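Below, all heavy atoms of this structure are taken into account, side chains as well, without hydrogens, waters or symmetry copies. What you see is a predicted model, and the numbers here were worked out from it, not measured in a lab. Chain naming here is simple, since letters A, B, ... match the order of the sequence lines and numbering starts at 1 in each.
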Amino acid sequence: MPELPDVEMARRLLERALLGARITSAVGSDRVILRPGSSRTLSRIAVGRAVQAVERRGKWLRVMLDDGARLFSHLGMTGEWITAGVDEPSARFERARFEVTKGRSRRSIRYLDARRFGRLLATKDDIAAWRELGPDPLTDGLDVETLAAALGRSARRVKDALMDQTLVAGIGNILATEALWHARIDPRSRSDRLTPKDVGRVVRGLRNAIERQLTAREKAGGDEPRESFAVYGRSGEPCRRCGTSISRIVLGGRGTTFCAHCQERRGAR
DNA sequence: CGGCATGTTGCGCA
DNA sequence: TTGCGCAACATGCC
């Protein structure tokens, strides 16, 4: 379930469970997810440590430990964190588990991941993927100047540029699709052909899409209600603005829906 | 059975 | 060098 809003929900859950807690056990049951580390690395770095902060940047989570070491979590396509009682049996697709104590209470925090595209890393320093992340729209804020500069440097399709984690962090296929619909810009537009006004609309489109997905999750408690999407997954349905049937194309191997009538193309191809 | 999937990386080609 | 398609990763679900 992972794009920025989902990862933010995961961050809040981990913060409630881990902040101020001490890790008494850490076990990973899947080398793919721990790669290039191992369950031994994970427990060696995490066990005995207290958690000082649970942060998110884009789709990455960073758990800061009291000796300066850190845990990084990326949810891939199907990753999920849950909390459980220490005696509860393993959940389906459970790949790693932490046990923590906070005051007198003991909790078990578990990482689930069906497809195993996610990552769980224990390191002494920040990893490259974290360092190379662009500004996060929620924690760093999104400003038109910065985005305009980033988009202006490349002739790529604007949708691909928005999903480039080094330009802006946390935008995936859903948010990019939704934001461009809100902005009324064709996803195939060249990113360097957007006017400053266009970039302003993209920024508002992103804020709008992020905000409504976060709210939808806060309300529903879990899954992303498809109801909260304006165009994503709605090919063939009428555009909510103009009624035109929503188109579906494939860009960079990803399904892309848009309204061919009210999302205008910038830059011919 | 076929098609699709919220992510990332690496390869080959133009 | 840049942009882009595509396969791979490993699996679930409709």
Side-chain angles (χ1 to χ4, degrees), chain A residues 1-11 29-36 56-61 72-81 91-96 111-121 127-134 136-137 150-181 187-193 206 209-210 212-214 216-217 220 222-236 246 248-257 266-269:
Chain A
M1 9 187 71
E3 271 191 48
L4 190 155
D6 309 286
V7 184
E8 175 59 20
M9 295 303 282
R11 188 198 69 77
S29 57
D30 189 290
R31 341 197 104 258
V32 175
I33 281 160
L34 301 173
R35 190 182 48 181
R56 180 192 58 75
R57 197 156 171 203
K59 302 171 195 172
W60 279 98
L61 290 166
F72 287 94
S73 162
H74 192 295
L75 305 179
M77 201 84 108
T78 50
E80 184 183 2
W81 284 97
R92 197 179 178 205
F93 305 128
E94 185 177 308
R95 311 295 184 186
Y111 179 65
L112 282 39
D113 193 339
R115 280 175 85 177
R116 297 194 278 164
F117 288 175
R119 286 286 179 278
L120 180 57
L121 309 166
I127 57 175
W130 173 271
R131 277 186 270 116
E132 290 160 10
L133 251 18
D136 180 276
L151 295 180
R153 276 195 297 271
S154 152
R156 270 185 300 175
R157 289 182 299 235
V158 64
K159 179 173 181 245
D160 294 333
L162 290 179
M163 291 171 65
D164 181 337
Q165 303 300 302
T166 68
L167 296 189
V168 195
I171 311 305
N173 199 35
I174 296 178
L175 286 179
T177 297
E178 292 287 301
L180 289 169
W181 181 83
R188 297 166 293 183
S189 301
R190 284 176 49 144
S191 75
D192 61 353
R193 295 296 191 83
L206 284 170
I210 291 168
R212 70 166 55 204
Q213 287 192 41
L214 257 184
R217 281 162 185 69
D223 290 331
E224 81 297 340
R226 177 186 125 85
E227 289 316 303
S228 66
F229 302 142
V231 274
Y232 180 83
R234 295 188 182 280
S235 69
I246 295 295
R248 180 181 189 277
I249 56 176
V250 175
L251 296 182
R254 321 295 302 275
T256 306
T257 49
R266 274 72 166 171
R269 252 175 228 274

Using whole Å, report how far [atom1] of [X] lies from [atom2] of [N].
X: A:Leu112; N: C:dG12; atom1: CG; atom2: P; value: 13 Å
X: A:Ile33; N: B:dG7; atom1: CD1; atom2: P; value: 17 Å
X: A:Arg234; N: B:dT6; atom1: CZ; atom2: C1'; value: 15 Å
X: A:Arg153; N: C:dT2; atom1: CZ; atom2: P; value: 12 Å
X: A:Leu75; N: C:dC9; atom1: CG; atom2: C1'; value: 17 Å
X: A:Leu251; N: C:dG5; atom1: CG; atom2: P; value: 7 Å
X: A:Leu121; N: B:dT8; atom1: CG; atom2: P; value: 14 Å
X: A:Leu120; N: B:dT8; atom1: CG; atom2: P; value: 16 Å

With sequence neighbours excluded, residues passing side chain to side chain donor-acceptor pair (under 3.5 Å) with A:Asp164: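 In terms of side chain to side chain donor-acceptor pair (under 3.5 Å), with neighbours along the sequence ignored, A:Asp164 is linked to A:Arg156, A:Thr166.
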By side chain to side chain donor-acceptor pair (under 3.5 Å), which residues pair with A:Tyr232, not counting sequence neighbours?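 Result, side chain to side chain donor-acceptor pair (under 3.5 Å) vs A:Tyr232: none returned.
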Contacts of type salt bridge (Lys or Arg N to Asp or Glu O under 4.0 Å), residue [X], not counting sequence neighbours:
X: A:Arg234; answer: A:Glu237
X: A:Arg116; answer: A:Asp30
X: A:Arg153; answer: none

A:Phe117-C:dC9 aromatic stacking (under 5.5 Å, under 30°):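 Stacking is present between C:dC9 and A:Phe117, given that their ring centres fall under 5.5 Å apart and the planes under 30°.
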OP1, OP2 of B:dG7 versus side-chain N and O of A:His74: anything below 4.0 Å?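 Indeed not, no polar side-chain atom of A:His74 lies that close.
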Quick check on B:dT6: is either OP1 or OP2 less than 4.0 Å from any side-chain nitrogen or oxygen of A:Lys59?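 No, no such contact exists.
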Please identify each residue that fulfils ring pair (Phe, Tyr, Trp, His ring centres under 6.0 Å) with A:Phe93, with sequence neighbours left out.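 So A:Phe93 forms no ring pair (Phe, Tyr, Trp, His ring centres under 6.0 Å) with any residue.
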Residues forming a ring pair (Phe, Tyr, Trp, His ring centres under 6.0 Å) with A:Trp60, sequence neighbours excluded: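 A:Trp60 satisfies ring pair (Phe, Tyr, Trp, His ring centres under 6.0 Å) with A:His74 only.
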Can you work out whether A:Arg92 or A:Val32 has the more 5'-proximal nearest nucleotide on DNA chain C?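 By nearest-heavy-atom nucleotide position, the 5'-most residue is A:Val32.
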Pairwise [atom1] distance for [N] and [M], with rounding to whole Å:
N: C:dG3; M: B:dT6; atom1: P; answer: 23 Å
N: B:dC4; M: C:dA10; atom1: P; answer: 22 Å
N: B:dC1; M: C:dG12; atom1: P; answer: 16 Å
N: C:dC9; M: B:dA5; atom1: C1'; answer: 14 Å

Got a list of protein N/O to nucleotides 3-5 of chain B N/O distances below 3.5 Å?
| unit_1 | atom_1 | unit_2 | atom_2 | d |
| --- | --- | --- | --- | --- |
| B:dA5 | OP1 | A:Arg248 | NH2 | 3.1 |
| B:dA5 | OP2 | A:Arg248 | NH2 | 3.2 |
| B:dA5 | N3 | A:Arg115 | NH1 | 3.0 |

Intra- and inter-strand pairing of DNA chain B, written as dot-bracket with Watson-Crick and G-U pairs under 3.5 Å and | for the latter, reads .||||.||||||||
Which pairs pass side chain to side chain donor-acceptor pair (under 3.5 Å) with one or both residues in residues 169-180 of chain A, sequence neighbours excluded?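 Those involving residues 169-180 of chain A are A:Lys159-A:Asn173.
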Polar pairs (N or O, both sides) under 3.5 Å between protein and nucleotides 10-14 of chain B?
none

Please examine the side chains of A:Leu121 and A:Ser73, heavy atoms only from C-beta on, and report whether any two atoms are closer than 4.5 Å.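 Counting from C-beta outward, A:Ser73 and A:Leu121 never come under 4.5 Å.
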Could you tell me if the side chain of A:Val158 sits less than 4.5 Å from the side chain of A:Leu180, heavy atoms only?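 They are in side-chain contact.
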If only atom types and distance count, is the side chain of A:Asp160 paired as donor or acceptor with the main-chain N or O of A:Arg157 below 3.5 Å?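 Flag not set: sc A:Asp160 to bb A:Arg157 has no pair under 3.5 Å.
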Which residues pass the side-chain contact (heavy atoms from CB on, under 4.5 Å) test with A:Ile246, not counting sequence neighbours?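 With neighbours one apart ignored, the set is A:Val231, A:Cys239, A:Thr257, A:Cys259.
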